[in-house]
Structures are given as C-alpha cells and as structure tokens.
S.K.: 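What follows is a single structure, and I will ask about it in a moment.
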Amino acid sequence: MKMDHILIRYGEIGVKGKNRVEFEKLLVRNIRQALSIFEDVKVKRTFGRIVVELHGQQHESVTKALANVFGIHSYSLALRVENKVEAMQKGAAFMLREGNKAQTFKVTTRRAYKPFPIDSQTLNREIGGYVLRRSSNAVRVDVHTPDVEINVEVRESGTYITAGAYEGARGLPVGASGKVLLMLSGGIDSPVAGHMIMKRGAEIEAIHFHSPPYTNERAKQKVMDLARALTSYGTNINLHLVPFTEIQTHIHKEIPSNYEMTIMRRMMMRIAQRIASDRGILAIATGESLGQVASQTLASMNTINEVTTLPVLRPLVTMDKLDVINYAKRIGTYEISILPYEDCCTIFLPPDSKTKPKREGAAKFEQFIQIEETCAAAVTNTETVTIKSVQEAEAAIDDLFN
Ligand code: ATP
Ligand code: MG
C-alpha cells in the first residue's frame, strides 16, 4: 500500500456559483503549471476536488510546489482504494500505522458518490471497528480530539483515505480576476504588493522605471530576479522597463526641488496608465504604505493619484514596515530586495521634498514639461521582457534536448 495521490480541497472558489467551473479549470491549469517539472505526475478534476496522481514521484517536492498555488484551501496525501468496504478497512488501518504513535483516532466518512450503497454512518462503524480490532490494545477511538482523524471519501473514481492536511495558500486562482500592472521597484514593498494582488486572483504585469547610467545593469537584473521570484506564485510575468533618465534630468532642471519627487511620481503614474491601457489592464498596484515616507502621505497620494483614472491598488497601505519585511521573508523576495542597488527615485533626491504637495502646485510646475510628448516617447522606448517561471524555463531546456 502506498499513498500515491494528493487530494486538493479548494475553499473560497467553491461558493462562486455559475463561475465555479471556470474557477476550477483555472486552478487545475495553475496546478498543472506548478507541477509541470514532474513528468509523470497527473492532475485531474473530479466533483468538488482536484486529485494529483503521483505515479511514483516523491511526494515531498510535489507538496512543496503546491504550497504556492493560490486557490487551494488544503491538501492531503491520500491512499486510493477500490470502492469496497474491505479495501477501505485495510486502507484505514494502514493510515493509522502511518501516523506513528497515534493512540487515539476517529474515522470520518464522506460519501460524495451517492450510488455507493452504504451510508457514511455505517461506514464509520465498519471501518472504525476493523481498525480497532487490528491495532494494539492501547489504541482507542476519540471522537473529540483524536491524535489522527482518518478521512474516508467515497468518490466515483475510487475511495480516497487521508489523515491530516497541509495548509494551502488560499486566495483565488491566478487569472480569475484579470490583470493588474504592478509598479515594481527594487525595494522590499512592491514585490509583497505583487504577491498580495496575485493572491486575489489577478495576473500581474510589472513596470519598472530605470535611469541608466545612473542606475546600472545590476539594478535591472535585480528587478528581473524579483519578478522571477513572483512567477513561482503564478504565471510568466511581462516586465516593462521604462527609460526614465531624460524625464528625471528634465524635472531636476526645471522643477523647484520641493516638487520634484511629486512630479516624478506623477510622470511615472501617467506612463504606467498608458502602458496599462494599451494592454487592456484595468488597474495599477503599488507598494505604498500610508505615511511611510514623504511620497506616501495622504496629500502626496492625493496629488499623485490625480493624473490617473485607473484604480490604484495599494495592498500594503495599512501595514507596518516590520510586517512587510516578515511577509517578504516568507515569500522569498526579501533576500533579493536587500541587495544594494540604485533606485532611480533617489538619484537626484532633493532633501526638501514636500510632505504636503498640492494638486494646483504640481499642475503649475508641470507647465514646464511637455507631458504628452514626454510620456509618448517613454512608452515608445520601453523594453518589454517576459520573465519565465522556473517551471517553464526548465521545460524549455528539456525541449532542447528532446
Ligand atoms: P519599495 O520597497 O516597493 O521600493 P518604498 O517603501 O521604497 O517601496 P518608494 O520608493 O516611495 O517606497 O516607492 C513607492 C512605490 O512606488 C513602490 O512600492 C513602487 O510600487 C513604486 N515605485 C517606486 N520606484 C519605482 C520604480 N523605479 N519603478 C517602478 N515603480 C516604482
Ligand atoms: Mg523604493
């Protein structure tokens, strides 16, 4: 006997009514993508569950890969047996032995396949009784706080027996909520914002402003590495690299220093809006947190937000920096974010940025900038690279050799 299956439960998407089938298909697609490096592994959809067949693949690496897939509520290693009582009994006894040192247990049966002739109450008794007879004297049933809960699910394709579960990443399957353009710097915050947006089911494209030669290749590589880290939670990511040197030098020359930062941000926002609109993307996301720095006061947000009609999603808006740092560590972006690099926003950073910039003030100074032409040129000169997920990159290498 061998636990050669993984039973996947999905929470939130179970309640989505008519859209449910679409959601399930997306989740299956994303699970397949996440597991595509495991050649023999198969992913199948049954009623209300997704089943992974391991076909001999070690489960440790598969369960690890599943931990990153949004839309999964929980998942369990499962033993699949025939829809026969004796097979269920033997399977349950096997599962108790697997749960080393378990002294107490409980059997919970779910008869998802109604044509199966025996009801779940009877199955609980039949299976539980058998397990008791087969175990040492010390083992007993505890229906309230058992050491091991043996779950028996009778489905059309077979009966799946599990004991215990891994926690899933929850959220919604990436792709269910459309696309968001993430403003990705090389800092700690914006990758976290990207992760949170993906968790709500949105695919992301990323936009990054850089100012060569003031920012170097390494800074660009860093942003690409951050985007790649995010692909492990979803699909490939298009990264738009916008040349920002000219705009910044121009602003530095023409705009009073206390409004430089505000106007630079407004330009970024305008360019992001154009790129989003060109690609049918309906929202922009940033890693801003209320009050963190001068550019993130309410007055700043208000003045910067004026130039776009797209919703600007700020998932970190209420978070403390320490919480963001812990989150970044957990999702694997922190170590990349703390590498030294030059941020284009800080290269000419004036010491006297206004913490309360006004819309009228910004508009007055922007008369010195050819907004339309400048933004259009930046968009034209934008370089777009597709950051492939690790899985996809490995599959491509395999193809080369096949
Ligand atoms: P982060 O850690 O994400 O860089 P931060 O706390 O350093 O954030 P800022 O540098 O003020 O804050 O940036 C606020 C937000 O503006 C960032 O989270 C990001 O979404 C966006 N942003 C800043 N710099 C860039 C850039 N060079 N390219 C794209 N987006 C940027
Ligand atoms: Mg920053």
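For ligands, and for the atoms within them, numbers begin at 1 and follow the listed sequence. Predicted, not measured: the structure shown is a model, and the values here were computed from it. When reading the values below, keep in mind they use all heavy atoms of this one structure, side chains included, and skip hydrogens, waters and symmetry mates.
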S.K.: I want to know if ligand 1 touches Gly186 in the polar sense, i.e. an N/O pair below 3.5 angstrom.
M.R.: no
S.K.: Looking at Arg155 and Glu153, is there a salt bridge between them, counting it only when a charged N and a carboxylate O are closer than 4.0 Å?
M.R.: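 Here Glu153 pairs with Arg155 in a salt bridge, since their nearest N and O are under 4.0 Å apart.
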S.K.: Measure the CD-CZ distance between Glu306 and Arg266 for me, rounded to the nearest 0.5 Å.
M.R.: 5.0 Å
S.K.: Could you check which of Arg265, His240, Met264 puts a non-hydrogen atom nearest to atom 9 (P) of ligand 1?
M.R.: Arg265
S.K.: Please report the interatomic distance CG(Asn151) to OG1(Thr162), rounded to the nearest 0.5 Å.
M.R.: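 Interatomic distance, Asn151 CG to Thr162 OG1, rounded to 0.5 Å: 4.5 Å.
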S.K.: Purely on distance, is any nitrogen or oxygen of Ile188 under 3.5 Å from one on ligand 1?
M.R.: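 For ligand 1, there is an N or O atom that lies under 3.5 Å from one belonging to Ile188.
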S.K.: How does His210 reach ligand 1, by side chain, by backbone, by both or by neither, if only non-hydrogen atoms under 4.0 Å count?
M.R.: neither
S.K.: For Tyr233, check ring pair (Phe, Tyr, Trp, His ring centres under 6.0 Å) against everything at least two apart and list the hits.
M.R.: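 Only His195 meet the ring pair (Phe, Tyr, Trp, His ring centres under 6.0 Å) criterion with Tyr233.
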S.K.: Taking only heavy atoms of His208 into account, list the atoms of ligand 1 that are under 4.0 Å away from them.
M.R.: 26 (C), 27 (N), 28 (N), 29 (C)
S.K.: For ligand 1, does Leu182 get within less than 4.0 Å through its side chain, its backbone, both, or neither, judged by non-hydrogen atoms?
M.R.: neither
S.K.: Considering distance alone, does some N or O of Thr286 sit under 3.5 Å from an N or O of ligand 1?
M.R.: no
S.K.: At what distance, to the nearest 0.5 angstrom, does CZ of Arg49 lie from OH of Tyr10?
M.R.: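 One finds 8.0 Å between CZ of Arg49 and OH of Tyr10.
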S.K.: Out of Gly287, Ser190, Ser289, Gly187, whose heavy atom is nearest to atom 3 (O) of ligand 1?
M.R.: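 Nearest option to atom 3 (O) of ligand 1, by heavy atoms: Ser190.
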S.K.: Are any of the N/O atoms in Pro191 less than 3.5 Å from those in ligand 1?
M.R.: no
S.K.: In ligand 1, which numbered atoms sit nearer than 4.0 Å to a non-hydrogen atom of Leu184?
M.R.: 28 (N), 29 (C), 30 (N)
S.K.: Run the ring pair (Phe, Tyr, Trp, His ring centres under 6.0 Å) test against Phe94 and tell me which residues pass, sequence neighbours left out.
M.R.: none
